[in-house]
**Student:** 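Structure provided below as structure tokens; questions to follow.
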Amino acid sequence: MSTAVVDRRLFLAALSAVAVPALAAGKLKPGANAALIVVDVQNCFVTGGTLPVAKGEEVVPVINKLSAAFENIVVTQDWHTAGHASFASSYPGKKPFESTKLSYGNQVLWPDHCVQGSDDAALHKDLKLPTAQVIIRKGFHKNVDSYSAFEEADRKTSTGLAGYLKARGIKTVYVTGLATDFCVAWTAMDARKLGFEVYVVEDACRAIDLNGSLAAAWKAMGEKGVKRIQSGDIETA
Ligand code: VGL
Ligand code: ZN
């Protein structure tokens, strides 16, 4: 065997000695073609808001920390008109958390929440994402809800987010925020449908869990190839 071959083997062995522990740790390192999507971390969805998600505020420090690992950050805001079609108060005799049929299908009816320009619709004050590049507002058509950051509930109207991400060469998205079983899940599943690699960071999300919706959402996301991870799986250094 020539010394060149032996040298090459020693070189490869030395490389793997370095590479293997890093791989074993299994940390994900989001690159220039990855984006963090921060869904609806607004006053309405935390304690004291109009549609509070239990412990919703606990996602804030987790997301702030994660943000250091991302070159690209997208923030969303639920941004409804007054008298929105997703509000129970728009239908005489209906109560929040009941459902109704709208032109595009079943609609859960919510308390009035995230009305455009209100303090309730503002981003949580402790969310610190100075490097975020775009804010997508959704649910601003009075007769159509939009859980997904990509496509409204009529399944026809685009928010433009897919075009924005694709134009910028983004291939992978990491979804965080509120609520796991509604806006996070719909955003993650639409991202899969649009061809992105998708991670949902479970401990950077909190759920509403209405009639088993959380388990159903994880099942549906899994079937669509969404990967469920924890914030500790991402290298934040
Ligand atoms: C959401 C219900 C109604 C969410 C928004 O952000 O998950 N849920 N509007
Ligand atoms: Zn809403």
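Start at 1 and go down the list; that is how both ligands and their atoms are numbered.
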**Student:** Hey, can you pull the donor-acceptor pairs under 3.5 Å for the side chains in residues 83-90, sequence neighbours left out?
**Tutor:**
unit_1	atom_1	unit_2	atom_2	d
His84	ND1	Ser86	N	3.0
His84	ND1	Ser86	OG	2.8
His84	NE2	Gly139	O	3.2
His84	NE2	His141	O	3.0
His84	NE2	Val144	O	3.1
Ser89	OG	Asp112	OD1	2.5
Ser89	OG	Asp112	OD2	3.4
Ser90	OG	Gly83	O	3.3
Ser90	OG	His84	O	2.8
Ser90	OG	Phe87	O	3.4

**Student:** Could you give the distance from CG (Asn33) to CD (Glu71), rounded to the nearest 0.5 Å?
**Tutor:**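 If I round to the nearest 0.5 Å, the distance is 9.0 Å.
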**Student:** For a quick check under 3.5 Å, do Thr47 and Glu57 share a side-chain donor-acceptor pair by atom type?
**Tutor:**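 Short answer, yes.
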**Student:** How many protein atoms of type N/O/S are positioned less than 2.8 Å from the Zn ion (ligand 2)?
**Tutor:**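 For the Zn ion (ligand 2), the figure is 3.
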**Student:** Compute whether any side-chain donor of one residue and acceptor of the other, for Thr157 and Asp154, lie under 3.5 angstrom apart.
**Tutor:**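 Present: a donor and an acceptor within the cut-off.
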**Student:** Can you measure from OG (Ser146) to CH2 (Trp79) and round to the nearest 0.5 angstrom?
**Tutor:**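 One gets 14.5 Å once the value is rounded to the nearest 0.5 Å.
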**Student:** As a quick check of understanding, evaluate salt bridge (charged side-chain N to carboxylate O under 4.0 Å, His left out) for Arg192 and Glu197, giving each step before the final call.
**Tutor:** CA-CA 6 Å; Arg192 284 295 299 146; Glu197 180 183 32; over 6 Å; no
**Student:** Which parts of the protein, at residue level, reach under 4.0 Å of ligand 1 through a heavy atom?
**Tutor:**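 Contacts of ligand 1 under 4.0 Å: Asp40, Phe45, Leu51, Asp78, Trp110, His113, Tyr147, Leu178, Ala179, Phe182, Cys183, Ile208.
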**Student:** Which atoms form the tightest heavy-atom contact between Thr76 and Val39, and what is the distance?
**Tutor:**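 Nearest heavy atoms, Thr76 then Val39: OG1-CA, 3.2 Å.
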**Student:** Check ring-ring contact (aromatic ring centres under 6.0 Å, His included) between Tyr147 and all other residues, then give those that pass, not counting sequence neighbours.
**Tutor:**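 By the ring-ring contact (aromatic ring centres under 6.0 Å, His included) rule, Tyr147 matches Phe182, Trp186.
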**Student:** Do other residues, nucleotides or ligands put more than 12 heavy atoms under 6.0 Å from the CG atom of Asp119?
**Tutor:**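 Not more than 12 within 6.0 Å, no.
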